[in-house]
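Notes for the one structure printed next.
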Amino acid sequence: MACEPAPCTVKSPVTLQVGDVRTELGRSGVVVIDVLLPHSQAIDLQEIVFKNYYTAFLTMRVQRRSSADGGNESPSKWVTCLRNYCLMPNPHTEEGSQEYFSLSRHQMLCDVDRVAALRLILRQPSPVWLHFTIEELQLFPAGQKSPQKGFPAWLSHTAPQEQPTNLHDELPDADKVSSELQQMWVLTEMLQASQPAAQIGRFDVDGCPPGLEVDLVPKS
């Protein structure tokens, strides 16, 4: 039987902004994408497949349906099932930036049965890439397996499914880094533009006879 992804609605990406939203300095390096299942439907999630587009890290949250008193079903609170999953080994280089990825339920941090909605939180701390997202997103329910799409070879050598628990102790906050790096880039451009074109030459010194000048470059 052919593999059929579950029907879902992928909302447009929402870019989080900090400070002045009219400038690039307001970029936070974070994009949020909501994925909704049809009304009153839920799936036992087996696998999620997508194509990356310059996203460095992926966090995924799910909203599951639970049976309340009286037999009625209502969505539960959001829970994190994937945290800071690395899609690009180095955010500043191209590797992994446009690859296909497959994430299965055994890689999740929590139960992914009866999922009614997903929230994908994309992070790109590097100021090199101004735009990032994920494309061709598909959800496969339990009992089905997605067709292979040539996933990146480096993934098979990545041991942890998520970053180490002490990663935040080793790395600064990605949002702050993204903002500060872009400000540094702007300051660098301003400094380069304001440097004088004339070179320092020879100068007369008060009290020297005419024709005698002092060279500011020391002689060896």
Side-chain angles (χ1 to χ4, degrees), residues 6 8 10-11 13-18 27-37 42-66 75-93 95-127 129 132-142 146 151-152 154-179 181:
C8 62
V10 181
K11 297 288 188 178
V14 176
T15 302
L16 302 187
Q17 299 282 348
V18 292
R27 291 180 65 250
S28 66
V30 179
V31 168
V32 177
I33 300 177
D34 281 343
V35 183
L36 306 179
L37 277 296
I43 64 169
D44 296 343
L45 185 62
Q46 174 66 33
E47 191 175 15
I48 175 174
V49 175
F50 59 90
K51 183 180 180 182
N52 188 25
Y53 186 80
Y54 293 97
T55 295
F57 303 102
L58 169 65
T59 292
M60 186 165 69
R61 309 192 75 198
V62 294
Q63 190 179 49
R64 298 169 297 186
R65 291 198 175 276
S66 58
S76 62
K77 64 180 181 179
W78 291 94
V79 293
T80 300
C81 63
L82 194 71
R83 181 179 290 111
N84 291 331
Y85 189 88
C86 182
L87 303 180
M88 296 173 62
N90 185 339
H92 305 288
T93 64
E95 186 175 5
S97 61
Q98 299 186 59
E99 300 283 2
Y100 283 96
F101 287 83
S102 171
L103 302 176
S104 61
R105 64 185 293 127
H106 77 268
Q107 296 173 270
M108 304 301 172
L109 303 176
C110 66
D111 179 27
V112 287
D113 288 341
R114 305 187 65 77
V115 171
L118 295 91
R119 176 163 293 161
L120 309 179
I121 303 171
L122 319 180
R123 290 200 301 116
Q124 177 49 272
S126 174
W129 321 114
F132 59 95
T133 185
I134 62 173
E135 304 171 338
E136 303 179 30
L137 176 66
Q138 292 182 317
L139 307 179
F140 290 88
S146 67
F151 301 115
W154 66 266
L155 275 179
S156 61
H157 303 293
T158 305
Q161 304 302 336
E162 65 169 319
Q163 296 180 356
T165 55
N166 63 346
L167 178 66
H168 296 293
D169 298 332
E170 301 174 6
L171 295 177
D173 181 74
D175 299 347
K176 183 178 179 180
V177 170
S178 177
S179 177
L181 284 177

Please round to the nearest 0.5 Å and tell me the distance separating atom CD of Glu99 and atom NZ of Lys51. 9.0 Å

From Thr133 atom OG1 to Gln124 atom CD, the distance as rounded to the nearest 0.5 Å: 12.0 Å

Quick check for you: to the nearest 0.5 Å, what is the distance between Met108 atom CE and Leu45 atom CG? 5.5 Å

Considering residues at least two apart in sequence or located in another chain, which fulfil the side chain to side chain contact (heavy atoms under 4.5 Å, CB included) criterion with Asp111? Arg64, Arg105, Asp113

To the nearest 0.5 Å, atom CD of Glu47 lies from atom CG of Leu103 at 8.0 Å

What one should report as the nearest heavy-atom pair of Leu37 and Ala117 is CD2-N, 4.3 Å

In Ile43, Val35, Val115, the residue satisfying side chain to side chain contact (heavy atoms under 4.5 Å, CB included) with Cys8 is Val35

For residues Leu137 and Val49, determine if any side-chain heavy atom of one lies less than 4.5 Å from a side-chain heavy atom of the other. no

Test item: Lys11 and Leu36 side chains (from C-beta on) under 4.5 Å apart, heavy atoms: yes

Can you find a heavy atom in the side chain of Leu58 that is under 4.5 Å from one in the side chain of Phe50? yes

Side-chain touch Ile48/Leu82, heavy atoms, less than 4.5 angstrom: no

Decide yes or no on side chain to side chain contact (heavy atoms under 4.5 Å, CB included) for Met60 and Tyr85, but give the supporting numbers first. CA-CA 9 Å; Met60 186 165 69; Tyr85 189 88; over 6 Å; no

Return the set of residues passing side chain to side chain contact (heavy atoms under 4.5 Å, CB included) with Tyr54 (not counting sequence neighbours), or none when no residue passes. Glu94, Ser97, Gln98, Trp129, Phe132

On a heavy-atom basis, the closest approach of Cys86 and Met88 is SG-O, 3.2 Å

Are Cys81 and Gln107 close enough that some pair of their side-chain heavy atoms sits under 4.5 Å apart? no

Determine, step by step, whether Asp44 and Arg114 satisfy the side chain to side chain contact (heavy atoms under 4.5 Å, CB included) criterion, reporting the C-alpha distance in whole Å, the side-chain angles of both residues, the deciding distance to 0.1 Å, and the verdict. CA-CA 5 Å; Asp44 296 343; Arg114 305 187 65 77; 4.0 Å; yes

Could you tell me which non-hydrogen atom of Ser126 sits nearest to which non-hydrogen atom of Pro91, and how far apart they are? CB-O, 3.6 Å

Could you check whether any side-chain heavy atom of Leu118 comes within less than 4.5 Å of a side-chain heavy atom of Ile33, counting everything from C-beta outward? no

Which heavy atom of Leu87 sits nearest a heavy atom of Phe101, and at what distance? O-CZ, 3.2 Å

Which residues share a side-chain hydrogen bond (donor to acceptor under 3.5 Å, both in side chains) with Thr80, sequence neighbours left out: Arg61

To the nearest 0.5 Å, atom CZ of Arg119 lies from atom CG of Asp34 at 4.0 Å

Please confirm whether the backbone N or O of Val31 pairs with a side-chain atom of Thr15, one donor and one acceptor, at under 3.5 Å? no

